[in-house]
Protein chains: 4
Amino acid sequence: MQRIDVYRVPTAGPDDTSGLAALMDAGTVDPAHIICLLGKTEGNGCVNDFTRGFATSAYRSLLARRLECSPDEVAARVLFIMSGGTEGVLTPHMSVFARREVASSPDAPATSKALAAGIAHTRPLRPEELGTTAQAHAVERAVREAVGQAGITEAADVHFVQIKCPLLTADAIADAEARGQRVATSSTYASMGYSRGASALGVALALGEVAREAVSDAIICKRWDLFSGVASTSAGVELQHCEVLVLGNRAGAASELVIGHDVMADAIDAAAVYRALASAGCTAAPGDEAAAFERVVGVFAKAEASPAGRIRGRRHTMVDDSDINHTRHARAAVGAVIASVVGDPMVYVSGGAEHQGPSGGGPVAVIARPA
Amino acid sequence: MQRIDVYRVPTAGPDDTSGLAALMDAGTVDPAHIICLLGKTEGNGCVNDFTRGFATSAYRSLLARRLECSPDEVAARVLFIMSGGTEGVLTPHMSVFARREVASSPDAPATSKALAAGIAHTRPLRPEELGTTAQAHAVERAVREAVGQAGITEAADVHFVQIKCPLLTADAIADAEARGQRVATSSTYASMGYSRGASALGVALALGEVAREAVSDAIICKRWDLFSGVASTSAGVELQHCEVLVLGNRAGAASELVIGHDVMADAIDAAAVYRALASAGCTAAPGDEAAAFERVVGVFAKAEASPAGRIRGRRHTMVDDSDINHTRHARAAVGAVIASVVGDPMVYVSGGAEHQGPSGGGPVAVIARPA
Amino acid sequence: MQRIDVYRVPTAGPDDTSGLAALMDAGTVDPAHIICLLGKTEGNGCVNDFTRGFATSAYRSLLARRLECSPDEVAARVLFIMSGGTEGVLTPHMSVFARREVASSPDAPATSKALAAGIAHTRPLRPEELGTTAQAHAVERAVREAVGQAGITEAADVHFVQIKCPLLTADAIADAEARGQRVATSSTYASMGYSRGASALGVALALGEVAREAVSDAIICKRWDLFSGVASTSAGVELQHCEVLVLGNRAGAASELVIGHDVMADAIDAAAVYRALASAGCTAAPGDEAAAFERVVGVFAKAEASPAGRIRGRRHTMVDDSDINHTRHARAAVGAVIASVVGDPMVYVSGGAEHQGPSGGGPVAVIARPA
Amino acid sequence: MQRIDVYRVPTAGPDDTSGLAALMDAGTVDPAHIICLLGKTEGNGCVNDFTRGFATSAYRSLLARRLECSPDEVAARVLFIMSGGTEGVLTPHMSVFARREVASSPDAPATSKALAAGIAHTRPLRPEELGTTAQAHAVERAVREAVGQAGITEAADVHFVQIKCPLLTADAIADAEARGQRVATSSTYASMGYSRGASALGVALALGEVAREAVSDAIICKRWDLFSGVASTSAGVELQHCEVLVLGNRAGAASELVIGHDVMADAIDAAAVYRALASAGCTAAPGDEAAAFERVVGVFAKAEASPAGRIRGRRHTMVDDSDINHTRHARAAVGAVIASVVGDPMVYVSGGAEHQGPSGGGPVAVIARPA
């Protein structure tokens with residue numbers, strides 16, 4: 001039986017691997033079981049954020065030493081998904097996903113559903129494919145593969161799909177143009193949004209959240225009514241393909257954890273966070289966050305500044321701010337709202353929610369230990 | 001009988017006075033009754049934030065035209081308190097406080113308490129007095145005067161004291177040093193904190209929140225356990241004295257509004273916001289913000305990045321961020337938490353809460369229309 | 001005979017009009033002669049820079065008082081062109097252009113050429129015209145008109161054409177789309193570049209710097225080899241039309257000043273600044289800036305971060321910096337280079353040089369008192 | 001005979017070690033000879049700049065692999081001095097200093113002086129020593145040791161002393177206070193300046209640039225007339241002691257390089273850069289930078305925003321800018337001025353010049369291949 005464990009360790013800096021090292025030293029985590037490291041690092045989360053690469057480098061080295069293999073071999077078996085930006089109250093931390101086969105589980109009878117996980121990756125994408133249906137379809141296939149690997153049989157049991165996807169660099173754009181190809185955008189920063197958006201639509205296709213015929217190149221980053229309620233996509237300069245982590249519940253899993261999710265309608269939708277907690281079997285109420293704090297082992301959400309420039313009919317200034325990028329504002333706001341509900345600032349909130357939840361909102365997933 | 005009315009208008013920019021102009025055109029607001037304009041403007045809220053001055057200039061001109069007097073005469077009778085920074089979801093807006101004498105009020109019988117307000121100002125402060133007990137004592141006297149003007153007789157009925165105070169400029173520091181005097185700090189940015197802190201202690205002294213003998217120059221911006229639970233102080237380059245707005249409840253007021261407050265223990269203390277709403281006679285619950293939204297006419301809070309670097313035991317990165325000032329992070333976080341509770345991003349959140357609430361927290365006041 | 005005078009006053013803040021007021025008080029400047037105020041204000045120079053509007057408001061009020069007319073009447077006769085951003089060593093200041101008819105000039109015999117100026121404006125542009133040939137052609141016509149007004153007969157005698165042009169707001173984009181029209185870009189920030197670029201090509205067309213058949217919608221902000229060597233264009237939210245100031249030399253002008261210019265090939269092209277000085281009759285050498293400092297009354301330049309990401313073959317990081325906008329980096333760099341040559345940080349350097357000089361470079365003009 | 005070689009390689013990112021690797025692969029650089037890596041990395045150069053640590057980590061790993069020893073052993077023999085911030089035109093790059101004993105040098109006869117180098121480090125400093133004369137004296141001793149190691153016998157032959165020094169963290173401050181000790185400042189950011197300042201005075205003492213009796217705790221970061229003309233100090237979180245690199249000329253060195261320096265009086269003092277070039281035997285002139293470009297192998301300078309708020313009598317806005325740190329503005333400005341003189345943006349400019357050159361200015365050193 002598949003068993004998934006999730007460990008969350010705070011970090012004192014991008015290259016602070018001491019928390020995970022201690023878990024391995026104590027025998028709590030076997031490095032051979034790790035399938036994914038999902039981190040919040042304290043950079044700006046934008047183009048020139050080197051904390052993502054620094055963390056990846058440090059953790060890859062740690063695992064290479066522990067597994068006695070090369071960093072490249074580690075990279076081939078473990079997903080390293082680092083999301084920059086801990087604005088406001090957010091705490092830099094690392095979530096460690098470990099998967100192993102166990103004989104049986106006294107705590108999770110085969111008839112109830114428990115946490116399952118699968119990973120996969122796409123082929124490398126060409127620059128001209130980024131932000132197009134070609135990317136969406138490649139992601140769709142990888143999501144299906146990861147869902148199958150997790151042993152999840154119903155789309156409704158998938159609660160969070162984390163994607164790491166590439167972006168366009170100046171060199172990549174030049175390469176495409178030299179071959180007579182067009183790219184989705186000539187702005188490297190804007191390409192992050194296109195890549196996130198196309199990847200999210202790939203998730204939506206895999207899970208049947210949008211109609212196949214509705215998806216074309218023309219609607220990517222245009223038709224905000226088409227979205228996935230469980231996709232969380234993050235672009236980075238450090239890869240050319242997409243990496244996929246699927247999280248859901250399945251019968252027959254030996255995990256002691258369950259996952260649930262809901263969708264925030266906007267950046268201040270605390271009610272959706274309460275619902276997400278409830279969907280993972282947790283209850284919380286204003287002033288009584290302790291119960292949630294004890295049992296939650298991870299909260300994962302997407303944030304964005306409402307592109308319409310309004311939240312509940314009120315003007316916001318995030319999009320027109322030339323000093324602070326709007327993804328940074330959005331993480332600060334949504335991170336604080338979620339932290340106020342769960343009573344813990346150590347939550348994963350990633351910025352830029354194109355086709356991930358409705359316009360101005362985003363998915364929020366909770367992994368918890370059942371009561 | 002004194003009657004206080006509060007109007008809140010969104011603004012499309014720092015110099016957008018159309019909302020208030022429309023209220024005056026419609027006869028809703030008589031310019032002669034206005035005692036204070038308290039605004040959130042969309043600058044950085046730090047030293048080089050010119051949106052505060054731009055808004056002050058535009059509103060002063062508007063009132064000068066309507067009152068047919070000079071801008072200087074307007075400045076002598078109306079407090080213009082502009083707080084910069086609308087990070088995250090916060091909406092730029094202006095709160096208009098109007099006071100008039102009315103014969104009686106059918107809605108607020110003389111036996112129940114209703115909103116009252118008083119204003120006052122200190123003498124000009126010398127640079128060497130800024131951030132010292134001299135400033136605290138000057139503010140203390142002005143607060144007592146404004147409390148008396150409001151007709152409030154018990155300290156517990158004071159729920160919010162807004163102070164606008166000066167800061168040290170390079171010229172002011174040079175002037176003091178030329179006279180052989182020492183200033184509290186040679187950093188113009190740091191002087192904002194000293195001025196806010198000394199002013200807040202003045203409020204605490206006036207209301208008996210701290211023991212007189214506990215307050216000395218040495219504890220200002222050091223002893224964070226000494227604080228006011230109702231002070232909200234904001235520093236700006238545009239004045240040399242302090243201006244004071246006292247808000248509270250009193251019997252015999254003809255206002256249709258009441259004010260209440262509570263104190264946030266940290267930046268994610270949503271429970272305190274719910275309590276503040278309740279103290280003003282409003283109820284709200286996650287997913288049911290409509291009731292609060294309808295009756296609240298103003299929420300006023302202070303925010304700060306916990307100086308200890310921790311919130312609920314978790315590390316935050318606000319203080320070490322050299323790209324975004326920590327007061328900006330704090331407003332984004334606290335603003336979002338409050339907006340999520342009241343269902344409205346048009347709230348007043350000001351950064352830098354030295355001696356205003358406990359370390360890392362701050363006061364939050366609510367003015368509402370009773371049920 | 002036309003006589004142009006140029007006065008340069010430092011400012012202590014966006015709304016500091018004391019320098020110009022003093023010039024008028026002293027009788028040096030007659031407000032009725034002022035045709036243009038060209039300012040550097042200390043905001044971020046990007047979308048949410050309110051120092052431009054604050055300065056415009058303050059100076060318009062000053063002139064309205066002095067001319068005893070309404071601010072609107074002032075706006076109809078005087079160009080207010082404010083460029084935000086004084087990064088690095090740059091000094092906030094205002095250049096005042098005054099024009100009058102004089103009987104004769106003992107200092108400038110009719111046979112030699114001296115400074116002449118003309119102003120004009122286009123019709124209001126529709127959102128869908130912004131960044132297209134429609135804008136370029138409208139600017140072209142206005143430039144021809146201003147050249148004619150200045151009495152300049154040869155294109156080679158035009159040394160600086162300052163344009164203030166509109167940008168796309170979210171509302172403007174929505175308006176165009178509601179009418180079934182397409183806009184050049186859906187990004188309000190990017191629209192600043194399109195508007196600057198189309199305006200610059202309008203200057204290039206008016207002066208014969210590019211072939212008419214080479215200019216089409218498709219090449220705007222694409223074909224960087226097409227540019228004007230004298231255009232300086234600046235976008236702002238505060239107008240829907242374009243305003244034009246043409247500066248050049250003509251025989252028969254009574255001015256005591258001359259203008260010259262050159263084109264910087266890149267951001268560190270100090271040699272071009274020396275040539276521009278020489279073209280205005282000034283000499284300067286490293287370590288001997290005093291001569292230039294004494295006689296120069298204005299330096300006006302455009303700056304941009306090389307879009308190719310390289311300067312003299314070396315990588316720069318301006319374009320990928322998500323903390324500081326690349327126009328801010330460029331102003332800091334080019335401003336310092338120019339200040340080091342003329343020995344004075346009070347120079348006008350504006351960011352974003354699309355089709356204004358070659359890619360990565362820009363025009364630099366000098367107005368000076370001849371020896 | 002001692003021979004010093006200097007290699008300068010551009011980097012594509014903080015962890016890009018390919019340039020140095022290629023030099024070692026080609027046999028140009030023997031890793032065993034490397035004594036110091038001095039880098040410019042593309043972070044913000046302030047407290048939360050992780051590009052310095054990322055670069056150090058990557059280069060230390062590279063050398064550990066090449067030297068077949070542990071990263072700790074590499075750290076014991078090689079100085080890694082990373083300075084963050086490549087604002088404006090500055091190019092991220094690494095300067096590699098290699099030292100070896102050679103039998104003789106046909107190019108540099110023993111009678112002429114050529115480049116020599118020495119390294120040393122202080123004992124670990126306690127938090128309460130940082131920014132005090134204790135730090136200055138510790139640095140003084142280390143500088144003397146490094147000068148001796150370099151074999152330089154006259155202070156006038158020392159042209160550049162690079163120091164890497166610690167800063168105060170929140171933990172360090174708490175530690176000192178727990179032991180009843182006072183620290184120089186409670187601001188972690190401000191502690192960078194105190195550490196740089198005390199270190200620079202240590203250099204000045206070692207070289208006789210200031211009178212011993214003039215230096216006391218009270219004058220550190222106060223008496224700007226006391227300074228070293230060759231010190232370049234940089235604070236970082238990654239060490240508790242100070243590391244020292246001394247560069248100068250000596251007779252009997254086998255190097256093919258010489259070093260010279262001069263002192264910029266302010267941020268736009270291009271003449272000082274020309275003099276520094278000349279002092280290293282190079283000539284350059286505006287428009288003719290090629291000669292310098294060919295022979296210069298390194299330019300090293302310090303930059304700061306004039307604390308007086310003025311440059312050549314003109315106001316600057318760097319110090320009051322709450323969006324961009326003034327050290328960032330200063331690097332952008334000074335970097336561009338130097339690049340414009342040498343025709344190359346790949347120069348080392350570090351921010352924060354407390355007691356390093358006169359107030360508002362700083363040292364600039366040039367290493368070049370003689371004609």
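These numbers were taken from a predicted model, which means no experiment stands behind them. These numbers come from the heavy atoms of this one structure, side chains and all, not from hydrogens, waters or symmetry mates. In the text below, chain A, chain B and the rest are named by the order of the sequence lines, each starting its count at 1.
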Quiz item: Which distance, rounded to the nearest 0.5 Å, do you find between the CD1 of B:Ile311 and the OG of A:Ser340?
Solution: 11.5 Å
Exercise. Go through the atoms of B:Asp320 and report whether side chain, backbone, both or neither lie under 4.5 Å from a heavy atom of chain A.
Key: neither
Quiz prompt | Side chain proximity check, B:Asp323 to A:Arg328, heavy atoms < 4.5 angstrom | solution = yes
Exercise. Could you tell me the separation between the CG atom of B:Asp269 and the CD atom of A:Glu289, rounded to the nearest 0.5 Å?
Key: 7.5 Å
Exercise. Determine yes or no for a side-chain-to-main-chain donor-acceptor pair under 3.5 angstrom, with B:Arg315 supplying the side chain and A:Pro92 the backbone.
Key: no
Quiz item: So which part of B:Ala330 gets closer than 4.5 Å to some heavy atom of chain A, the side chain, the backbone, both or neither?
Solution: neither
Self-check item: Heavy-atom closest pair, residues B:Val89 and A:Ala267
Solution: CG1-CB, 4.0 Å
Self-check item: Interface residue of largest heavy-atom contact number with chain B, from A:Asp266, A:Val334, A:Asp288, A:Thr11, under 4.5 Å
Solution: A:Thr11
Quiz item: If every non-hydrogen atom of B:Thr86 is compared with every non-hydrogen atom of A:Thr317, which pair is closest and at what distance?
Solution: OG1-OG1, 3.1 Å
Quiz prompt | chain A contact via B:Glu87 - side chain, backbone, both or neither, heavy atoms under 4.5 Å | solution = both
Quiz item: Of all heavy-atom pairs between B:Pro286 and A:Pro286, which one has the smallest distance, and what is that distance?
Solution: CG-CG, 4.0 Å
Exercise. For residues B:Ala332 and A:Ala332, report the shortest heavy-atom separation together with the two atoms involved.
Key: CB-CB, 3.7 Å
Exercise. Supply the atom-to-atom distance A:Leu90 CG to B:His316 NE2, rounded to the nearest 0.5 angstrom.
Key: 11.5 Å
Practice problem: Could you have a look at B:Ala12, B:Ser306, B:Ala271 and say which one has the most heavy-atom pairs with chain A under 4.5 angstrom? | Solution: B:Ala12
Quiz item: Which one, B:Met318, B:Arg275, B:Arg314, leads in non-hydrogen pairs under 4.5 Å with chain A?
Solution: B:Arg314
Exercise. Among A:Ala336, A:Gly313, A:Gly88, A:Ala333, single out the residue with the greatest number of heavy-atom pairs under 4.5 Å to chain B.
Key: A:Gly88
Quiz item: Which one of A:Gly287, A:Ala270, A:Pro345 has the most heavy-atom pairs closer than 4.5 Å to chain B?
Solution: A:Pro345
Practice problem: Please report the shortest heavy-atom distance between B:Arg312 and A:Gly343, naming the atom on each side. | Solution: NH1-CA, 3.5 Å
Quiz item: Most heavy-atom pairs under 4.5 angstrom with chain A, which of B:Asp344, B:Val341, B:Asn44?
Solution: B:Asp344
